[in-house]
Amino acid sequence: MTEAIFDSTRALNPAQLEAVQHIEGPLLIVAGPGSGKTRVITHRIAHLNQIGVYPSQIAAVTFTNRAAREMRNRLERLMGEKSKYLKAGTFHSFSAMILRRDGEAIGIPQDFVIMDDDDQLNLIKQSMEITQIDPKRFQPRAILSTISSSKSKLLGPEALSNAASGYFEEIVSRVYTEYQKLLMQNHGLDFDDLLSRTVELLKNSDEIRDKYQQRYQYLMVDEFQDTNTAQYQISREITKSHRNLAVVGDPDQSIYSWRNADITNILSFQKDYPETKIIHLSQNYRSTGNILEAAKNVIRPNQKRIDHELFTDNPDGELVFITEAYTEEEEATGALTEVQRLIEEEGFNLRDCVITYRVNAQSRALEEACIRYGIPYKLVGGVRFYQRKEIKDLLAYLRLLQDPYDEISLERIINVPSRAIGKRTFDELISWSRNLEIPPYTALQLINDQSSTLQMPFNNRQQKQLCEFITLLNNLKDLANELELAELIDAVMDQTGYKKNLLQSDEPDAEDRLDNIREIRGLATDFNGLVSKESLPSFIENATLVSEQDSLEENEQQYLTLITLHQIKGLEYPVVFMIGMEEGLIPHARSMDDPDQIEEERRLAYVGITRAQSRLYLLRSIRRRMYGMTSPAIGSRFLRDIPLQLIQTPRMARSSKAHAIKIENVVEMPRNEEIAYPFKAGDKVSHASFGEGIVVNCSERPGDFEITVAFVGNVGIKRLLNSYAKLVKSAANDGT
DNA sequence: GGTTTTCACGTTACG
DNA sequence: CGTGAAAACC
């Protein structure tokens, strides 16, 4: 029935071909790294189209805009113009579209604003003030993250306080209730609401659910291991009648559980769809045999794992390089000199290489070394474009012009640039308007009204400043009816004095900030031909929802990429350097006492390793500076899982003779079970002040061992660090 | 109301 | 050590 497969599918292997051609009903594709997953998805869509499904009837959901864009690009190559009709985007953009159209059915205002992280935190702080919860005892961030987690599990405030019902949950529940109220007042939806309220809408209204089911006959979800409960529910609702839901994922690459991704969705999927077809894509096309073998050995010890044997027909290639440096500076220079060698001697270029690490702080030493060596680099991450202060300020102005009742934006910019309306005046304004039961914007209009005889809590100076501000705002609002968006942005920058303020400031990055403003102005020219009033809503929604990772990859410039292990997921490079392969960094110290978190750290290491196509370098430092002080670090347990025969003696250039890198240390590092524990449970020991005791447990700590000893008498059980405790094995123990 | 000083704190980050 | 936010200062 499906003979009309276009040529390019011929090169697909049998599993891939099956995944492409299995059309009706639920489908679970477990796709290992480098298994051609994206290719399968795009071919599947093209194939659907070929057998008569319109692209507009297919929705493909990804987790990042980058992935969506890549998919669209590939599809355009595969099926040309028609690809434009495909709906490819994130769950969030999908949900925003649905709620914009049909959200009113469950009481969502059509002009809702999407609240980003900053706005959320702000509202949380306000909610804590209202509920009189001390931000010193309970960190606003921790509360926000618990609320966010509840929302992604579709739990309301009541459910939160009932379910786990600890004291903390009780507190959070109170803030949560208040926070939702504030969101409502501001016509705001946060990112979690976008998802959970879409679920609510689809569950509540059969009519609306039917509409979207009709509309999207086939739904594909990429990176399924990263879905949270709300996202999975959206997928289920939209495919409820036809059940044409195809999900693609790799449980071994699940590294976002801390962001509420729920790996058990994969299990739920198989339970919810007993008729599901499961296809494993096990052939790796990306990496050399040795690199894949190393990766498999690193991931294998995970207990909670569906074993899934990967293989490759690629040549074995070079062995994996494992190298240690003495300091992080040496680690950085070691990597960079090797990069230079690869370029000079082996024909790689800078863009082929990537340096990846666990925590952002590690990039500092690398950056400094790059500058010293004159190597151009690109630091991925940092403050994202739409999170930058100047961009957020501008957007706040624009949001205010679209909806002057937006209190959050008002607060943000009422004194930016500084116009002598401080916190005190603003608070006064808010409480005054609350008393009058009018929005702050209306209150401002009243202040400006000369004929008004109302009693106002402001002195002459305050009143004057507020009048000036509201006049400015009203002027700009009028301009929004006349000017195109790009011109409006110019007007905002000029009339508010923002630009002047930046130009006069002695901030070193003022010029960068202006560049960013220019960049966003450039984006606004897409809406030329429309009056701002018309284009503002979608421009603003785009800005919050589609924060593209600057204009990555597009150009031909040569630079070295510095990136965290989390952000590198989904990418591949011929040469990968993983630095800081140490206990405490990977696995991270914060993950040490939870086996589940250790498993996630392991997956993170696996993700890093599997990015490499032909060369893999694992680096560690013997001493590492952290929080200003240097301390010894021991090699990551994940290094020990790589069999010796896969490891190569490094020929990395040395920063100095005196600091020659010793491979022997790595090779001779204790392997899996061979950790040389100083004591074992049952050993009789004595301590200078605690006296005689028996060892209960002995476990590894970064650069040390922790020994739990039960001492005789009423000293009791103590947990001691081996290096300090100076425990002595009792004579009675010797020789037995 | 704006500026400087002190203090606490420190993982990862998609939309 | 470096940063961001609150507290103390002008």
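Proteins come first, then strands; the chains are lettered A, B, ... in the order of their sequence lines, and each starts at number 1.
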Identify whether the distance between the nearest side-chain nitrogen and carboxylate oxygen of [X] and [Y] falls below 4.0 Å.
X       : Y       : result
R424(A) : E428(A) : no
E329(A) : R625(A) : yes
D641(A) : R637(A) : no
K569(A) : D226(A) : yes
R364(A) : E328(A) : no
E468(A) : K464(A) : yes
K304(A) : E600(A) : no

Identify whether a stacking contact exists between H588(A) and dT11(B), where the ring centres must be under 5.5 Å apart and the planes under 30° apart.
->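 H588(A) ring centre within cut-off of dT11(B) base, planes near parallel; stacks.
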
Does the ring of W258(A) meet both stacking tests against the six-membered base ring of dT12(B): centre distance under 5.5 Å and plane angle under 30°?
->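 Stacked: centres under 5.5 Å apart, planes under 30°.
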
What nucleic acid atoms does [X] come within less than 4.0 Å of, heavy atoms only: base, sugar-phosphate, or nothing?
X       : value
N360(A) : sugar-phosphate
S418(A) : sugar-phosphate
E541(A) : nothing
D226(A) : nothing
R625(A) : nothing
G628(A) : base
F191(A) : base

Sorted by number, the residues of residues 126-142 of chain A with heavy-atom contact under 4.0 Å to DNA chain B |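 Nothing qualifies; none.
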
Which of residues 87-103 of chain A have a heavy atom under 4.0 Å from DNA chain B?
->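 Those residues are T90(A), H92(A).
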
Check: Y256(A) ring centroid to F63(A) ring centroid under 6.0 Å |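 No - the distance between ring centres of Y256(A) and F63(A) does not fall below the 6.0 Å cut-off.
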
Would you kindly check whether a donor in the side chain of R590(A) faces an acceptor in the base of dT11(B), or vice versa, at under 3.5 angstrom?
->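 Check fails, no donor-acceptor contact within cut-off.
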
Verify the contact: side-chain N or O of [X] to OP1 or OP2 of [N], cut-off strictly under 4.0 Å; return yes or no.
X       : N       : result
T544(A) : dG15(B) : no
N65(A)  : dG15(B) : yes
N415(A) : dG2(B)  : yes
Q231(A) : dC14(B) : no

How long is the line joining CG of L194(A) and C1' of dG15(B), in whole Å?
->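 My rounded result for the distance is 8 Å.
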
Classify the side-chain pair T544(A)/D116(A) by whether it contains a donor and acceptor separated by less than 3.5 Å.
->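 No, no side-chain donor-acceptor contact under 3.5 Å.
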
Earlier contact from the 5' end, DNA chain B, for D192(A) and G422(A) =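 The residue closer to the strand's 5' end, by nearest nucleotide, is G422(A).
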
5'-most contact on DNA chain B: Q462(A) or T64(A), nearest heavy atom basis?
->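 Its nucleotide being nearer the 5' end, the pick is Q462(A).
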
Separation of the P atoms in dG4(C) and dA13(B), to the nearest angstrom =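 Those two atoms are separated by 16 Å.
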
Euclidean distance for C1', dT3(C) against dC14(B) (whole angstrom) =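 To the nearest whole Å, 24 Å.
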
List for me each residue that meets side-chain hydrogen bond (donor to acceptor under 3.5 Å, both in side chains) alongside D111(A), sequence neighbours excluded, and say none if there are none.
->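 D111(A) satisfies side-chain hydrogen bond (donor to acceptor under 3.5 Å, both in side chains) with H187(A) only.
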
